[in-house]
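In what follows, a single structure is set out as C-alpha cells and then discussed.
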Amino acid sequence: MTMLTIIIGDQLSFDLASLKAIERGKDHVLMAELPDEAQYVPHHLKKIVLIFSAMRHFARNLRDSGHCVHYHCFDPAGAIRSFSDAVSAHCKRHEIDEILLTRPGEWRVFDEFNTLEKSLGIPVRMLEDDRFVSTPEDFAEWAGNRKRLRMEFFYRLMRKRTGLLMDDHGEPEGGQWNFDADNRKKWKGRPATASPMSFAPDEITREVIDLVSSCVDGFGELDGFDFGVTHEQARRALTHFVKTGLPWFGDFQDALPDDEDYLFHSRLSAYLNTGLLDPREVCEAVERAWRDGDVPLNAAEGYIRQIIGWREFVRGIYWLKMPDYADENYLGGDRALPEWYWSGTIGMRCLQRAIENTRTNAYAHHIQRLMVTGNFALLLGVRPREVCDWYLAVYADAYEWVELPNTLGMVMFGDGGLLASKPYAASGKYIQRMGDHCANCRYAVTERTGEDACPFNALYWDFLMRNQEVLGDNPRMRMMYRNVERLEPAEKGAITKRANWIRENVEDL
Ligand code: FAD
Ligand code: DLZ
C-alpha cells in the first residue's frame, strides 16, 4: 500500500501531522507550485517568491532526510493548474492507495480536497493541523451558543492550556491576564527602532525571483526581497526580534510613526503562517526572555496574547462561520475600493505611507492595517469582499483563515459584532494622537469640513450618522453618539456635504 501526502505551501513544518503519518522513503510526498494558487488574487510578488522559495528549500530538506519527494515547478502554460490537477496527474502515473493531507488553511482548498475523493475514486484522509493550540472542534465547543465571542476569555483558556505565563498556583503571572492598558504609548524617536532581520537571497531564491519576475503578474515591488526562506533563518529572525524588538513591543504596539515601517513589530507572521516557525516555539522564546529578566511582562504578555489569543481566536471564528462568513455585510458597504489602494497614489500622508510600506515590503503593521487602510475603507463604506481581496493579496502573511476575520470582522464590522464589540471607527484625531503623519500631511487634522480638512474627520462623523439606526444602541458607542447628538443641524449638514464630496472625489484625494 502506497500513500501520497500533498504538502501545501503554508504547511512547511517538519512535524506536520501528515508527514509524521507516512513511511519515509516508501510513501510519496507531493509539492506543487500552481498557477491557480498564484493567481486567485493578485498576490504581492514578494509573497509568491517567499512561498515558492521556502517550498523548494523544504523539499530539498525532506529529500535529504530520506523522503520520496515529487516536486512540480511553476509552469504557467502547463495543464497542471490546481491541487486537484497535481494530485490526479500523480495518481495516474503511480499506484496510490490513499491520499493523506493535513487540514488546509483555507476553506476553498478544504472543499476542493473533500470533493476530490469522489472524482479520483481514491480515499482522501484529512488530519487535524496540530500546529495550532486549539482545533476548530474545540473552538466550536467553547463558542457554544454565545451570541458574542470575546477574544479575552478564549485567550485565558489558551493561557491555561499552554501554561504560558502562568504561576505555580495556576494564576496569571503578574496577577493580571492582560497588560494592554500599558501598551498605548506614542513613540517619539526613542529608543531607537530595531529592523527585522534581513536575509540576502541564495541561489534557489534568486532562481525563483527570476521565475516570478518573468511570468507572474502580481502586486508590489520585488526588488529588495529579504525574507528568510528556511527554518534556520526564521529562527534567527525570532532570536533577533526577542533581543532587539520585544523589550519595547508592548509600550509602542499601537504607535503610528511616519518614518518607521516596522517600529518594534516582529515581522514573524509570514514565517508563522508558512510553517517556518512554530507558534509554541515563538511563545516559549518570549516567555523565556521574560523569566530571564530581559524583557518586561507587558511586552511578553502583549506578544503572547497576539499569538495564542488573536491568532487562534480568528482561526476559530473562520472555521466556525465559513463558508457563509465571506459574504457577510452587516453595514451594507456598497462602494468600490479606491484604485489608489493598489497604486499608492494618495495625498493623505497616513494612507500613502501605509500603502507604500505594503507595496515595498509586503508588510504593514497592525495599526496601519486596522486604523489607517482599514478605518478608511470602513468609513467610506466599501464592499467588504473587495477590501478582503485586497488584504488577502498584498501581505506576505496573508491567508484567508487569518485575513478574513481580521478584515471582515475586525475592520469592516461585516459580521455585526461577532468578533469585535464595536467598529474600530476613528477620526483623524486618533491618527494624530498615535503618531506624526498629520504633521507631514497636506490636510488639516484639526478641521472637520473645510476644503483642506482631513477626510477622516467628515467621514467619521458621517459614518456615525449614517449608521445610527444599527449602531446607536451599542453600549460601547454611547459616548460617540452623545457627541453626535451635540452637533448643530447646520454642522451635521456641512459634514454630510463634505463626506459626499469626498466619496465623489475619492480617487483624487
Ligand atoms: P507583531 O505585531 O509582531 O505581532 C506578533 C504576531 O502576533 C504576528 O506575527 C501574528 O502572528 C500575531 N497577530 C497579531 N495580531 C493578530 C491578529 N489580529 N490576528 C492574527 N494574528 C495576529 N495577520 C496575518 O498573519 N495574516 C493576515 O492576513 C492578516 N491580515 C490582517 C488584516 C487586517 C485588516 C488586520 C487589521 C490585521 C491582519 N492581520 C493579519 C493581523 C496583524 O496585523 C498581523 O499579524 C501583523 O501585522 C503581522 O506583523 P508582525 O509579525 O510584525 O506582527
Ligand atoms: C499562497 C500560495 C501560493 C501563491 N502558491 C502556492 C502554490 O503554488 N502551491 C501551494 O501549495 N501553495 C501555494 N500557496 C499557499 C496556498 O494558497 C495556501 O496554503 C492555501 O490557500 C491554504 O491555506
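In this chain, numbering begins with 1 at the start of the sequence shown. In each ligand, atom 1 is the first atom listed, and ligand 1 is the first ligand listed. The basis for the numbers below is simple: all heavy atoms, side chains too, and nothing from hydrogens, waters or symmetry mates.
- For Pro279, no heavy-atom contact with ligand 1 is shorter than 4.0 Å.
- Ionic pairing of Glu260 and Arg353 is not present here: no N-O contact between side-chain nitrogen and carboxylate oxygen is shorter than 4.0 angstrom.
- Residue Phe52 places a heavy atom less than 4.0 Å from ligand 2.
- Outside the 6.0 Å centre-distance limit, the rings of His265 and Tyr363 are not counted as a close aromatic pair.
- Protein heavy atom nearest atom 1 (C) of ligand 2, with residue, atom name and distance: Ile51 CD1, 3.3 Å.
- Using a 30° and 60° split on the angle between ring planes, Phe313 and Trp142 fall in the perpendicular class, above 60°.
- Using a 4.0 Å cut-off between a side-chain N of Lys or Arg and a carboxylate O of Asp or Glu, Glu284 and Arg280 do not qualify as a salt bridge.
- What sits closest to atom 15 (C) of ligand 2 on the protein, heavy atoms only, is Tyr399 CE2, 4.0 Å.
- Scanning the protein for heavy atoms near atom 8 (C) of ligand 1, the closest one is Ser269 CB, 4.0 Å.
- A salt bridge does not link Arg315 to Glu312: none of the charged side-chain nitrogens sits closer than 4.0 Å to a carboxylate oxygen.
- From the protein, the heavy atom lying nearest to atom 24 (C) of ligand 1 is Val402 CG2, 3.4 Å.
- Ring centroids of His70 and His94 are separated by less than 6.0 Å, placing the two rings close together.
- Contact between Phe249 and ligand 1 is present, with at least one heavy atom of the residue lying under 4.0 Å from the ligand.
- Not a single heavy atom of Phe74 sits under 4.0 Å from any atom of ligand 2.
- Of all protein heavy atoms, the one lying nearest to atom 16 (C) of ligand 1 is Trp310 CB, 3.9 Å.
- Taking only nitrogen or oxygen atoms, main chain and side chain alike, Leu34 reaches within less than 3.5 Å of ligand 2.
- Between Arg108 and Glu37 there is a salt bridge, with a side-chain nitrogen of the basic residue lying less than 4.0 Å from a carboxylate oxygen of the acidic one.
- Within ligand 1, counting atoms from 1 as listed, the ones closer than 4.0 Å to a heavy atom of Ala364 are 47 (O).
- Under the 6.0 Å cut-off for aromatic ring centres, Phe264 and Phe252 qualify, their centroids lying closer than that.
- The pair Glu221-Lys46 does not meet the salt-bridge criterion, since no charged nitrogen lies less than 4.0 angstrom from a carboxylate oxygen.
- Of the candidates Gly275, Ala398, Gly9, Gly218, it is Gly9 that places a heavy atom closest to atom 12 (N) of ligand 2.
- For the pairing with Trp401, the ring pair (Phe, Tyr, Trp, His ring centres under 6.0 Å) check across Trp107, Phe110, Phe132 returns one residue only, Phe132.
- Remark: side-chain polar atoms of His44 are paired, donor with acceptor, to backbone N or O of Thr358 under 3.5 angstrom.
- A salt bridge links Glu33 and Arg56; the closest N-O separation between the charged side-chain nitrogens and carboxylate oxygens is under 4.0 Å.
- Ligand-side atoms of ligand 2 in range of Tyr40: 17 (O), 21 (O), range being under 4.0 angstrom from any heavy atom.
- Residue, atom and distance of the protein heavy atom nearest to atom 28 (O) of ligand 1 are Ala398 CA, 3.1 Å.
- The nearest pair of heavy atoms linking Ala425 to Tyr460 is O-CE1, 3.7 Å.
- With sequence neighbours left out, Tyr330 forms a side chain to side chain contact (heavy atoms under 4.5 Å, CB included) with Phe413, Val470.
- Atom 23 (O) of ligand 2 has as its closest protein heavy atom Asp10 OD2, 2.7 Å.
- Residue Tyr303 touches ligand 1 through its side chain alone, judged by heavy-atom distances below 4.0 Å.
- For Glu33, no nitrogen or oxygen atom sits less than 3.5 Å from a nitrogen or oxygen atom of ligand 2, counting backbone and side chain alike.
- Salt bridge present: Glu137 and Arg103 bring a charged side-chain N and a carboxylate O closer than 4.0 Å.
- With respect to atom 6 (C) of ligand 2, the closest heavy atom belonging to the protein is Glu37 CB, 3.4 Å.
- Residue His365 places no N or O, backbone or side chain, under 3.5 Å from any N or O of ligand 1.
- For atom 46 (C) of ligand 1, the choice among Met151, Arg369, Arg315, His265 with the nearest heavy atom turns out to be Arg369.
- Considering backbone and side-chain atoms alike, His43 places every N or O at 3.5 Å or more from each N or O of ligand 2.
- Remark: ligand 1 atoms within the under-4.0 Å shell around heavy atoms of Leu370 are 36 (C).
- Interface atoms of ligand 2 facing Gly105, defined by a heavy-atom separation under 4.0 Å, are 22 (C), 23 (O).
- Checking Met412, His366, Arg311 against atom 42 (C) of ligand 1, the nearest heavy atom belongs to His366.
- Between the choices Ile367, Val314, Asn406, the shortest heavy-atom distance to atom 39 (N) of ligand 1 belongs to Asn406.
- Nearest to atom 53 (O) of ligand 1 among the protein's heavy atoms is Ser266 OG, 4.0 Å.
- The proximity of Tyr395 to ligand 1, defined as any non-hydrogen pair under 4.0 Å, does not occur for either the backbone or the side chain.
- Contact annotation for Asn273 and ligand 1: only side-chain heavy atoms (C-beta onward) come within less than 4.0 Å of the ligand.
- Ligand-side atoms of ligand 1 in range of Leu272: 9 (O), 11 (O), range being under 4.0 angstrom from any heavy atom.
- Within the 4.0 Å heavy-atom criterion, the part of Tyr363 lying near ligand 1 is the side chain and not the backbone.
- Between Lys321 and Asp327, none of the side-chain N atoms (NZ, or NE/NH1/NH2) sits under 4.0 Å from a carboxylate O, so this pair counts as no salt bridge.
- Distances between N or O atoms of Glu106 and those of ligand 2 include at least one value under 3.5 Å.
- Close contacts between ligand 1 and Arg267 involve ligand atoms 50 (P), 51 (O), 52 (O) [criterion: under 4.0 Å to a heavy atom].
- Taking a cutoff of 4.0 Å between a charged side-chain nitrogen and a carboxylate oxygen, Asp210 and Arg206 do not qualify as a salt bridge.
- Taking the side chain as every heavy atom from C-beta outward, Trp390 and Trp342 approach each other to under 4.5 Å.
- Atom 12 (C) of ligand 1 has as its closest protein heavy atom Gln306 O, 3.7 Å.
- For Phe241 and Tyr303, the gap between ring centers is short of 6.0 Å.
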Run the salt bridge (Lys or Arg N to Asp or Glu O under 4.0 Å) check on Arg267 and Asp226 step by step: do they pass? CA-CA 12 Å; Arg267 197 180 71 157; Asp226 73 341; 2.9 Å; yes

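- Across Leu268, Val282, Ile307, heavy-atom proximity to atom 6 (C) of ligand 1 is greatest for Ile307.
- Using a 4.0 Å cut-off to heavy atoms of Glu403, the atoms of ligand 1 that qualify are 28 (O), 30 (N).
- Considering backbone and side-chain atoms alike, Asp397 places an N or O below 3.5 Å from some N or O of ligand 1.
- Between Phe227 and Tyr271, the ring-plane angle classifies as perpendicular under the 30° and 60° cut-offs.
- Pro405 does not count as a contact of ligand 1, since none of its heavy atoms falls under 4.0 Å from the ligand.
- An N or O contact shorter than 3.5 Å links Arg108 to ligand 2 by distance.
- For atom 9 (N) of ligand 2, the nearest non-hydrogen atom of the protein is Ala32 O, 2.8 Å.
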